[in-house]
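Okay, so here's the structure we're looking at.
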Amino acid sequence: MARITKLDDIVSLCKRRGFIFQSSEIYGGLASCYDYGPLGVELKNNVKKAWWKSVVQTRDDVVGLDCSILMHPLVWKASGHADKFADLIAECKKCNTRTRVDHLQEKETEHADEHTEHVSIDAAQAKGYDLSNKLCPNCGVVGQFTEPMPFKLMFETQMGANVDDSMTMHLRPETAQGIFANFRNVLDTTRVKIPFGIAQIGKSFRNEVTTKAFIFRTREFEQAELEFFCEPGTDEQWYEHWKEARFNWYTDLGIKKENLHFRDHDPDELAHYAKACVDVEYKFPFGSGDWQELEGIANRTDFDLRQHQRGMRTLNKWYERKGDMTSIELSDEAEEYQKGPLSYFDDEKKQRYVPYVIEPSAGIDRSALAFLVDAYDEEEVRGETRNLLRFHHALAPVKVAVFPLVRKEGMPDIARNICNDLKKYFHCFYDEKGAVGRRYRRQDEAGTPFCVTVDGQTLEDNTVTVRDRDSMEQIRVSTGQLVNHFRDTLDM
RNA sequence: GCGGGUGUAGCUUAGUGGUAAAGCCCCAGCCUUCCAAGCUGGUUACGUGGGUUCGACUCCCAUCACCCGCUCCA
């Protein structure tokens with residue numbers, strides 16, 4: 001069986017096979033950033049394709065979207081990220097460990113403050129947290145903390161080349177807000193009716209306090225997010241629906257069931273906007289903290305749409321202050337917010353309401369790695385170790401490899417023609433170098449499901465062997481039937 | 001950010017204050033009619049920058065990156 005037991009083994013495998021490289025490696029690397037190599041980009045694209053197919057294309061109730069990474073600054077004011085997407089951290093002078101201020105416990109009461117997730121930067125600084133009675137969770141010393149330091153979790157950048165009138169913008173920390181901001185557009189243009197969802201795949205950026213663990217927590221990462229809008233009161237059943245759908249997506253694509261589970265969030269662990277949240281976690285086969293989150297599924301209620309209705313009411317203020325975000329507060333919610341611009345009118349029930357949102361939010365990079373690790377296998381074949389990646393066909397970077405058995409008797413030409421034909425339908429790879437056994441094993445390591453070999457018999461009856469990656473068994477297929485054969489077996 | 005560790009070829013590892021080795025991989029050729037065979041030849045490395053020294057991959061300092069732990073985190 002696979003003997004990947006350390007993160008190092010995975011990193012090494014990814015590098016060796018051209019799946020994942022460190023970013024800017026020729027310059028010594030850049031912390032927390034990674035590049036996908038030739039096989040990795042195929043795998044990652046296939047993961048995205050499989051997600052899109054499952055969540056958008058095979059459903060009648062979900063449409064797609066692709067938003068810009070830069071958005072109006074008020075988006076992040078309304079969503080709460082501008083003020084709250086920061087952690088306040090204090091360091092114990094005694095033992096040098098850092099703890100989130102809102103996790104610190106009082107000496108006497110032994111109770112932490114109520115969970116606040118993220119704190120307002122301004123408020124926290126103004127308030128001047130009193131830490132003199134707080135207990136260091138590591139060494140137990142009381143009141144020996146540095147001043148709390150806020151960590152901004154959003155990347156800042158400037159829009160406008162002229163320094164004088166450039167505006168500070170943020171790279172999105174999640175793709176979700178672009179979906180909420182387009183809720184009205186989609187509603188007005190695509191004849192969707194609630195319940196329906198809007199899906200998006202794209203890059204997001206977060207200045208994590210610490211990164212590490214290879215590509216599990218990087219500052220630049222790709223998300224696949226669905227915001228599924230439903231009538232209040234039906235949200236719990238849709239939450240269950242998406243829990244099941246998303247879990248099955250992973251197992252349908254080959255993740256072993258014993259390596260996947262749900263982890264429900266405790267009530268005090270929930271974000272301020274969430275009514276319920278569950279993680280889909282994968283058991284990576286190394287080290288400590290083995291269960292790692294691949295996806296979070298949250299019931300975000302009507303929080304986001306209501307916040308953006310407030311944001312829209314703040315726009316005039318923003319213009320009056322010439323875009324100075326620090327000097328304005330988000331406007332209060334309208335009394336009749338249920339009839340606001342981001343509300344929905346149900347024509348059958350003649351009712352207007354702000355929909356609830358179920359959000360499955362998957363990490364594409366983490367998922368791709370889980371698929372890679374889960375597919376890795378070693379087995380003994382005639383005293384030799386065979387390394388292979390048992391990718392689901394839909395995820396395999398290369399679908400078919402085509403070989404001449406030997407470079408003689410016109411076999412290379414025939415094989416090349418076959419490869420050129422198949423290329424129109426599947427990602428193929430041609431190879432004529434060295435012993436055929438070596439070529440088979442090479443494809444095993446890349447996870448290619450099938451190899452086609454042109455041999456002596458091909459010259460007589462126009463059949464070729466098709467060799468299966470997992471079983472190593474071979475069957476003969478006539479060259480004219482190859483495209484149909486692979487369409488069936490690859491299900492493409 | 002703290003503590004500990006690591007950094008030599010694409011990968012896995014040797015090694016020395018004085019010309020840097022091996023296996024695998026890879027490439028070229030020969031040979032090969034179905035699972036990493038063999039033969040010949042070949043490419044590629046001391047993370048980066050300083051310092052000490054006649055001379056540094058080796059010693060020192062800094063820096064970058066990664067790993068483990070703490071901390072943090074969807």
Side-chain angles (χ1 to χ4, degrees), chain A residues 6-18 21-34 37 87 89-100 103 117-118 136-139 146 149 151 153 173-174 204 206-214 216-218 221 223 225 263 265 269-271 274 277-281 286-289 292-298 359 361-363 366 381-387 403-409 411 433-445 451 453-459 464-465 467 469 472-474:
Chain A
K6 295 203 306 280
L7 190 54
D8 281 337
D9 294 335
I10 295 173
V11 175
S12 174
L13 171 76
C14 289
K15 171 86 186 275
R16 192 169 62 244
R17 304 308 313 171
F21 307 126
Q22 182 159 35
S23 167
S24 314
E25 198 180 89
I26 60 170
Y27 290 105
L30 179 65
S32 167
C33 294
Y34 294 89
D87 287 328
I89 289 180
E91 191 168 310
C92 174
K93 293 172 189 164
K94 194 86 180 173
C95 63
N96 284 330
T97 57
R98 294 173 150 201
T99 311
R100 263 172 61 172
H103 284 181
E117 202 198 26
H118 298 298
C136 175
N138 184 52
C139 65
T146 60
M149 309 169 275
F151 281 77
L153 298 189
E174 61 178 19
S204 293
R206 295 180 191 177
N207 255 325
E208 300 287 357
V209 177
T210 55
T211 54
K212 48 169 231 181
F214 200 37
F216 299 114
R217 189 177 309 124
T218 51
F221 59 102
Q223 294 184 297
E225 291 196 300
R263 190 181 69 80
H265 284 215
E269 191 185 357
L270 291 174
C277 188
V278 63
D279 286 343
V280 178
E281 293 189 329
F286 47 78
S288 59
Q292 302 272 351
E293 177 203 351
L294 299 180
E295 170 161 356
I297 299 158
E359 177 197 76
S361 172
R366 294 174 171 191
V381 179
R382 290 168 212 173
E384 298 271 356
T385 302
R386 185 170 82 111
N387 299 322
F403 313 140
L405 185 59
V406 288
R407 282 189 291 171
K408 278 194 209 170
E409 298 166 39
M411 291 180 202
K433 296 293 176 61
V436 73
R438 177 177 293 271
R439 283 176 267 161
Y440 285 146
R441 296 302 175 83
R442 223 182 254 141
Q443 293 305 316
D444 288 341
E445 282 203 316
C451 295
T453 302
V454 171
D455 57 18
Q457 195 178 330
T458 310
L459 307 174
V464 293
T465 62
R467 180 260 195 187
R469 173 194 67 200
M472 295 190 290
E473 280 167 9
Q474 301 186 3

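Lettering follows sequence order; numbering is per chain, from 1.
Under 4.0 angstrom from either OP1 or OP2 of B:C31 there lies no side-chain N or O belonging to A:K408. The shortest distance between the side-chain N/O atoms of A:R438 and the OP1/OP2 oxygens of B:A37 is below 4.0 Å. Listed pair A:S12 / B:U12 meets the phosphate criterion, a side-chain N or O lying under 4.0 Å from OP1 or OP2. Residue A:K15 has a polar side-chain atom (N or O) positioned under 4.0 Å from OP1 or OP2 of B:C11. In terms of phosphate contacts, A:Y27 brings no side-chain nitrogen or oxygen within less than 4.0 Å of OP1 or OP2 of B:A65.
Among the atoms of the strands shown, none is found under 4.0 Å from any heavy atom of A:F21. Base contact: A:E445 has a heavy atom under 4.0 Å from a base atom. Base engagement by A:T465 is indicated by at least one non-hydrogen atom pair under 4.0 Å involving a base atom. If you check every strand for non-hydrogen atoms under 4.0 Å, A:T453 touches a base.
Counting only heavy atoms from C-beta on, A:R407 has its side chain closest to B:C30 among B:C30, B:A65, B:C26.
Side chains of A:M411 and A:T458 form no contact here, defined as non-hydrogen atoms less than 4.5 Å apart.
A gap of 14 Å separates the C1' atoms of B:A14 and B:U58, to the nearest Å.
The nearest heavy atom of RNA chain B to A:A435 and to A:E409 marks one nucleotide each, and the one closer to the 5' end goes with A:E409.
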